[in-house]
Amino acid sequence: MSKTVKIHDLVFEPYIKNVTIQKRVKEIADALAKDFSDKKPIFLAILNGSFVFAADLARACNFDHEVSFIKLTSYEGTTSTGKVTTQIGLQEDLTDRDVIIVEDIIDTGTTIYTFLPTLKAYNPKSISVVSLLSKPSALKYPLTMNHIGFEIPNKFVVGYGLDYNGLGRNLKDIYQLKEVK
Ligand code: IMP
Ligand code: MG
């Protein structure tokens, strides 16, 4: 996989291969099994970006769990707006449930940090945060992250569910914005 891809006006280069992602997904699933295999947790995946990761993670977890989705958005183009909007809300009763938030990427942390008080108001038994990617140097809030797939530098990425203005989610691998030289 050495080919660049063009999405809208930007060029992206290969960054993390799907096989590498799958290996890490399995490791995270094994770690979750240790804590939750007898607890029937509910995976709460944050749309849109996490749908691919959530699907692979759910299938890698060989223990009873439910999967649900909420839709929160904070991004326009390649930058965070700092404002989080809820477009599809919670339908489940989370009282006394072990909730595992499943994110594609934690960038500034705004999305999760803003959502946590809403989630806590449902009185879940526990809240864990799992994200495939995290950009530690972009983080603006004190967040506890339980499982991170890959820590990456503060550069825009697409693929494996992540988009640039709506496109690129279908790429099997993760691609990174190519520097303009
Ligand atoms: P945060 O609220 O700044 O942590 O941003 C989280 C959300 O922004 C993620 O769930 C993604 O949907 C989106 N996002 C952040 N960084 C990237 C990126 O590099 N590529 C694509 N989407 C991103
Ligand atoms: Mg997202």
Side-chain angles (χ1 to χ4, degrees), residues 1 3-18 20-21 24-25 28 32 42-58 67-90 99-120 127-180:
M1 69 164 217
K3 278 225 212 94
T4 58
V5 293
K6 186 153 191 271
I7 301 174
H8 298 297
D9 54 327
L10 298 178
V11 177
F12 293 83
E13 56 195 356
Y15 185 46
I16 308 174
K17 284 186 187 182
N18 190 273
T20 311
I21 298 170
R24 197 68 192 104
V25 168
I28 294 172
L32 290 175
I42 178 160
F43 290 8
L44 197 58
I46 302 183
L47 293 171
N48 290 331
S50 70
F51 76 108
V52 177
F53 175 46
D56 282 344
L57 184 65
V67 181
S68 190
F69 295 89
I70 49 160
K71 183 162 179 173
L72 308 173
T73 41
S74 68
Y75 248 67
E76 261 166 39
T78 60
T79 45
S80 174
T81 61
K83 256 189 12 212
V84 178
T85 50
T86 308
Q87 278 148 348
I88 301 176
L90 270 168
V99 177
I100 301 172
I101 297 177
V102 179
E103 253 290 32
D104 50 352
I105 184 164
I106 297 174
D107 179 38
T108 61
T110 310
T111 306
I112 293 193
Y113 194 78
T114 313
F115 174 60
L116 278 176
T118 311
L119 188 55
K120 282 180 185 154
I127 300 174
S128 309
V129 175
V130 175
S131 182
L132 179 70
L133 304 169
S134 129
K135 296 178 184 169
S137 61
L139 193 67
K140 289 188 187 154
Y141 298 91
L143 270 182
T144 305
M145 303 175 209
N146 302 80
H147 301 284
I148 295 297
F150 305 92
E151 291 194 340
I152 64 169
N154 192 7
K155 276 198 207 166
F156 196 74
V157 290
V158 292
Y160 196 74
L162 292 128
D163 74 305
Y164 165 46
N165 274 346
L167 298 182
R169 298 192 195 277
N170 56 318
L171 295 165
K172 289 188 176 60
D173 306 315
I174 293 175
Y175 290 72
Q176 192 175 54
L177 184 60
K178 199 169 152 109
E179 300 286 334
V180 187

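Both ligands and their constituent atoms are indexed starting at 1 by order of listing. Position 1 is the first residue of the sequence, and the numbers go up from there.
- Here atom 11 (C) of ligand 1 lies nearest to I105 when heavy atoms of I46, L139, I105 are compared.
- Heavy-atom separations between D163 and ligand 1 include at least one value shorter than 4.0 Å.
- The shortest separation from a heavy atom of L162 to ligand 1 is under 4.0 Å, placing the residue in contact.
- Heavy-atom proximity to G109, at under 4.0 Å, picks out these atoms of ligand 1: 1 (P), 3 (O), 4 (O).
- Note: an N/O pair closer than 3.5 Å links V157 and ligand 1 by distance alone.
- For V158, the closest heavy-atom approach to ligand 1 does not fall below 4.0 Å.
- When each atom of ligand 1 is checked for a heavy atom of E103 under 4.0 Å away, the hits are 10 (O).
- The OH atom of Y164 sits 9.0 Å away from atom CD1 of I7, with the distance rounded to the nearest 0.5 Å.
- The backbone N or O of N165 lies less than 3.5 Å from a partner atom in the side chain of H8, making a donor-acceptor pair.
- Interface atoms of ligand 1 facing T110, defined by a heavy-atom separation under 4.0 Å, are 1 (P), 2 (O), 4 (O).
- By the 4.0 Å heavy-atom criterion, K135 is counted among the residues contacting ligand 1.
- Without hydrogens or angle criteria, N146 side chain to V129 main chain gives a donor-acceptor distance under 3.5 Å.
- The aromatic rings of Y113 and Y141 lie parallel to each other, their planes meeting at an angle below 30°, with 60° marking the opposite boundary.
- Residue F12 holds its CZ atom at 9.5 Å from CG of L171, rounded to the nearest 0.5 Å.
- Contacts with ligand 1 closer than 4.0 Å are made by no heavy atom of N48, backbone or side chain.
- A donor-acceptor contact shorter than 3.5 Å is absent between the side chain of D104 and the backbone of L162.
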